[in-house]
There are 6 protein chains.
Amino acid sequence: MTLRDEIPAIELEAFLRQALREDLGFGDLTTRVLFGEHRRVKGFFLAKEDLVLAGLDLIEMTCRLLDPVCQVNSPWQDGARVPNGESIAEVACDAQALLTGERVILNLLQHLSGIATLTVRYVEAVRGTHARILDTRKTTPGLRKLEKYAVRVGGGYNHRFGLSDGILIKDNHLVLMGSIKEAIDRARKHAPPLMKIEVEARTLHDVQDALDAKADVIMLDNMDLPTIQQAVEFIGKRARVEVSGRVTLDRVRAIAETGVDYISVGSLTHSAKAVDISFEILP
Amino acid sequence: MTLRDEIPAIELEAFLRQALREDLGFGDLTTRVLFGEHRRVKGFFLAKEDLVLAGLDLIEMTCRLLDPVCQVNSPWQDGARVPNGESIAEVACDAQALLTGERVILNLLQHLSGIATLTVRYVEAVRGTHARILDTRKTTPGLRKLEKYAVRVGGGYNHRFGLSDGILIKDNHLVLMGSIKEAIDRARKHAPPLMKIEVEARTLHDVQDALDAKADVIMLDNMDLPTIQQAVEFIGKRARVEVSGRVTLDRVRAIAETGVDYISVGSLTHSAKAVDISFEILP
Amino acid sequence: MTLRDEIPAIELEAFLRQALREDLGFGDLTTRVLFGEHRRVKGFFLAKEDLVLAGLDLIEMTCRLLDPVCQVNSPWQDGARVPNGESIAEVACDAQALLTGERVILNLLQHLSGIATLTVRYVEAVRGTHARILDTRKTTPGLRKLEKYAVRVGGGYNHRFGLSDGILIKDNHLVLMGSIKEAIDRARKHAPPLMKIEVEARTLHDVQDALDAKADVIMLDNMDLPTIQQAVEFIGKRARVEVSGRVTLDRVRAIAETGVDYISVGSLTHSAKAVDISFEILP
Amino acid sequence: MTLRDEIPAIELEAFLRQALREDLGFGDLTTRVLFGEHRRVKGFFLAKEDLVLAGLDLIEMTCRLLDPVCQVNSPWQDGARVPNGESIAEVACDAQALLTGERVILNLLQHLSGIATLTVRYVEAVRGTHARILDTRKTTPGLRKLEKYAVRVGGGYNHRFGLSDGILIKDNHLVLMGSIKEAIDRARKHAPPLMKIEVEARTLHDVQDALDAKADVIMLDNMDLPTIQQAVEFIGKRARVEVSGRVTLDRVRAIAETGVDYISVGSLTHSAKAVDISFEILP
Amino acid sequence: MTLRDEIPAIELEAFLRQALREDLGFGDLTTRVLFGEHRRVKGFFLAKEDLVLAGLDLIEMTCRLLDPVCQVNSPWQDGARVPNGESIAEVACDAQALLTGERVILNLLQHLSGIATLTVRYVEAVRGTHARILDTRKTTPGLRKLEKYAVRVGGGYNHRFGLSDGILIKDNHLVLMGSIKEAIDRARKHAPPLMKIEVEARTLHDVQDALDAKADVIMLDNMDLPTIQQAVEFIGKRARVEVSGRVTLDRVRAIAETGVDYISVGSLTHSAKAVDISFEILP
Amino acid sequence: MTLRDEIPAIELEAFLRQALREDLGFGDLTTRVLFGEHRRVKGFFLAKEDLVLAGLDLIEMTCRLLDPVCQVNSPWQDGARVPNGESIAEVACDAQALLTGERVILNLLQHLSGIATLTVRYVEAVRGTHARILDTRKTTPGLRKLEKYAVRVGGGYNHRFGLSDGILIKDNHLVLMGSIKEAIDRARKHAPPLMKIEVEARTLHDVQDALDAKADVIMLDNMDLPTIQQAVEFIGKRARVEVSGRVTLDRVRAIAETGVDYISVGSLTHSAKAVDISFEILP
């Protein structure tokens, strides 16, 4: 899997231009006062902890915006497990371009690889069960596509990308609608042909209502393990089941073993630690 | 401290518009299929853990973009410690506007409050010492001003906002320049009148060179505690001293007690966990 | 149904600003050379043929961009059948603002009402059958949300808004995949939880393959009426059925009577004639 | 005539990027779930009815935005009459790029060729007379330059591109000005050196006033044929004459034979049917 | 004449937002470190030399972007001659907003008033003659509409706003076309109905060719006074005459007295000195 | 020094695209009506007075946006003194691209070279003294980076690029703060680590206060020569000294000889005359 295959270059470049502008402000002052001449140098990005790589293409794309003839080589692909101490990629490039672009590249690479690395841990924790790890819309504004890509790199699956690619009736909708039945009926009446309907259930009673109204997917929200187990058994094959709410690495295996279809994990995108990567110019 | 005082509304609104568009995609499908009519409802944002609030103004600004007559009330201000279970703010607003804007607000509020909450812990850890906690340029692309604001809310100080508001000669610059002396001399020659010069030092020998070249600030990079102590004593009042590199909550007090001026902490912005906040519509 | 309920004002205003700029170029020369002074005038938009109204809110939104205190009144709502000779809306506004904004308003109102008017004819043609009239992605670049709104105003339903809100395996995908079965299997494996899968079928044999692979929706592409009838009977309740390809007003009723679920009509958006509306300033 | 000669590539590419983004939304889901690998394929655009081609360059420009090494070959040029069943252009390109870009290309090519095809019919209808077929400002917001290019491709001429490249005093201006004479006098006083002045006339009396005030061009608005004939004879060589309002293919020849200089036809751009073009990937 | 009457607010605000962002960079650091609290203050813009005012509306528009309830009062209008030492406008506004917006306002007000002040001198120099003072396309990129407005404020007239609102055949076109006659013939054949044709003439021979080809306007380029006189007499009423090239205040009256229609002056926009205006906050 | 070394190409191209769009409006009408075919031609930019060149790269960058295979050759570099009558650069390019881009190139090249030419005169006037010539924030909105580059080309130095890269406490801040001491103390307390603090002084008393509060730089505002001399002597090495306010070429040497560190000159950017450059296409 590569970033360029999944997100059109025209979007990535627009995003990177904006990121560079944010960091540049009025321009790279340090580089300007230090260097009068251009020269080509080599450098490499170094993994400073074990990590799952995500966002490799960003190195070349960012460098090329600053130096169109920049060369980047890497033995890895996104999804690779790069051990601490290994070089992620080597670049041969104009020195000023590297010094100017370095921080933007690192900020993104560390963040996305952090998400992929965390996702892998969840995916491995449920290995052998039927459950899929899903992301959520709890992403950083402006980075949703990138963060959801990193989840896929880590072996997770994407839930909705936004408000327009799925019907998910949540607690706040239900407060306003009165009943699960009425909500699902209305949604089905206006739903586009290719959209399933998911509804949040807080109790087994809600689950019953959702099944009666023929929800396609039922989200068990913040239930404890025994209730989840009961719900899964009660639902049977009549709907898909998603578990959501405060899922942790400690707890995820037990949830998966109840037989649910999906487990969504907000912390994949909103609380993954950045992994440690540095950039070193060769003398 | 309020966000509106620190970042012009014209910038915040442009950012929020982009964030809403990212989440909306082709539009809020669930809300559209469920609700035919507009109606005003009340709801509140609820702290689900103890947190330091940052970004309160974003609630009103986002809601107003979707419903210009939306009302938001809060007993808190940014910087307040909001206990678990307390309401952060109450809103009276068009129901569709709330359902549409909720996720963008929560994503930002949880992220910024997460940064402020973490920053407070660092600031408290060094209380009583001379040291200031600084952020870095290790921020999320697109959110730098907001994240650096959250650091200030938490009692931290901002280092550079980007490449143009400070001269910081880092290791990669030095690889290309040959010597610390030459780098500082050249920087001073071209530096604008209001810019100090900071240089990275990896050894006590580097510190000596930096002092000889009259650096204004010396960054001790990844040094162990005894070396930091030696460096601080050696430097005396001749330059300001910053410590950088893998600073943790466990270690930060000891570093501060060596007498350094600044301790910069990348994880404030690149690895702060989101705090837990929910939004509840009232029946 | 009103435009403002369905598309956020922040998007509509950005679109209208761009439309005004396109028409203004270097500025409204005629108005500038003729009028030195501002004055308030009244005017009205006049239906010059029977039409189904779509886009009423655009009058006020456009005028307000040019004169923030402009007043617009209308006895109609989107979806109303306005007879030839009736006033659609009255405006009281700065004269220059009206003269400058008139063309943009008319171009949009005539186009969207044209789509709604045509859609109503299709919807009425299938009245009493089970079939829903769907739009397609054959829209005018830049106007998709508006055109799809006009289809809803006319009583039609929206198919996909774009490439991201549905899985629709078309002929060109199948050419590359080899078999319908392989395509659907792969799609199901990677599909997000809330997405159904639709596949194009050109023959009854394709329909059989699609059913075997458990497609959620089967699109009968360019089939003649007897074949559609056979397909519908063969499929039974096992999948939803969409008919697509050269659907005309003459033929749509017969198609609907075969019992299909959806009939998609590209010409609703790519070939609807503009209805005739004029704008008259009162002396 | 080629699009690239007439509209700078920097504008066309910005427009196409926006069109692709509109269709992509969160990304091309179908293509992503179906294809893991990139591969080069061939395909062709097929005329499914007789048409006059307009917008050929858009095929290559759109494909190149998605696959910079895409190859496009065509035996045709804009303005060519392509018969039903002929290939318009062949492409050799990355499969994903084609599947992703296909709809945007078709939507534009069908729309612009539809305009060119209709324009040719009007131009041929007046062949041998003195009259030129003009377009109007009744265009689709966002597409004016493209639509006006398609009119030229079809042998028509462009009237104003917007409010800034001509002085055209219309009925609504006259309502506010009082008299044709006063309006033209004022316009002449402030008109830039290279601008002629056109005025709308609804009666022969208006024509007289316009001539007295030395209008450069007189627009006969919604007049019947005998009145047009009278006006043309009365005006002689003293001004250019444009006919406007509800011009149809049935009526245009008779109008032209009265000796008018220009006949403007709004339906060229606001009501042209899309021509039928498909895209086929080769196995 | 006011700016708001001549350039739509939506354009001016977009321009001012960009100007503020350019100056703000990462934010107004000085104001932020100095002031914790907001407070309302009064201040005034002071003419520090005699000047012709242009751009007054920019004060209020800029302030309102930073403080929506800012109040601005002025006894003047654009075009007024404000003597040295007079207050141009008084503002009552949030202190931070004023400190942040001051420089952008002054930069524009000084520049536009500089252009208006210089234009008035040219206009007065030709008073009583038939000649009009024209501007050119020699403007500052990004500011053309504003600069051309300032020329009108000073009593000058606008030539073309850009490449699309006039046909002006210049020397470089003629090099490529071969002859003036061929160029004008071709231009007339394709010219839109409302466009006149102007051609550059370097010699009396060129003037003869231009007249033969029935140019509407003839531009005498860089001719000396006696040649201009000869050309004017030779042309008579057969075409309008523009003089262009190194026109100075010393020379402009003599040129005007030859009887030419237009004198275009590039230095109005590319070399006008800024007038001196300061902003003073009241204690 | 070249522009491309100092400002990232991604920024320059965005700026040039906007400049071209401003001039193009609806398109280059003259070129379109005259030329049906593309052909390659040669031309050159000609210095029509002695000038210091600034902005050479803009020729190639602009041409390439319109014709990607355009060739530009020049024997000069930015900073070169090009005598009247010399060719600045030769271009081999598509004829339409040159005719379309010519004005934008000339407008920028004349403006930036005008600034560099004026700056050189100031720099030469203070040659041999200790003083550096500084620019200000009195720049043309939208062109700050380019204008400040031109100042560097001419041998001047840049003061702040905007409000975020320096703390400069001006008169209006002091009005609100009460005392110089309080202002500097507060600024120092919140200042980022790499920022010096400058304060404006109007009297020798202010200078004393600034020294007491340990300002890094003191700006002597609008003082007469003897007072400047006194201030410089009084300050000694305790702070850097900047002179500001109505500095002219006549007066600058005398100011420099007082021993000040910096002399800032607003007119470098707000009032430099454009130098005369033309573009000639070869037959």
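Computed from heavy atoms alone, side chains included, the values below leave out hydrogens, waters and symmetry copies. Within every chain, numbering begins at 1; the chains are lettered A, B, ... in the order of the sequence lines, protein sequences first and strands thereafter.
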Bottom line for E:Arg160: the part with an atom under 4.5 Å from chain D's heavy atoms is side chain
Residues D:Leu134 and E:Pro193: closest non-hydrogen pair is CD1-CG, 3.7 Å
Notebook entry, point to check: Counting only heavy atoms not in D:Gln18, do more than 12 sit closer than 6.0 Å to its CD atom?
Noted result: no
For E:Pro192 and D:Asn158, the nearest pair of non-hydrogen atoms, with its separation, is CB-O, 3.7 Å
Answer key: most heavy-atom pairs under 4.5 Å with chain E among D:Ile197, D:Asp261, D:Val217, D:Asp165 is D:Asp165
The interface call for E:Phe161 against chain D, heavy-atom contacts under 4.5 Å, is neither
**Study point:** More than 12 heavy atoms from other groups under 6.0 Å of CD on E:Glu124
**Key:** yes
All heavy atoms of D:Leu194 vs all of E:Ile167, minimum pair found to be CD1-O, 3.7 Å
Greatest number of non-hydrogen atom pairs under 4.5 angstrom with chain D, of E:Lys189, E:Glu242, E:Arg152, E:Arg240, falls to E:Lys189
| message | Taking atom CZ as the centre, does E:Arg121 end up with more than 12 heavy-atom neighbours from other residues, nucleotides or ligands that are less than 6.0 angstrom away? | response | no
message: With heavy-atom distances below 4.5 Å as the criterion, would you say the side chains of D:Met195 and E:Met195 are in contact?
response: yes
Exercise. Determine whether more than 12 heavy atoms belonging to other residues, nucleotides or ligands lie under 6.0 Å from atom CZ of E:Arg81.
Key: no
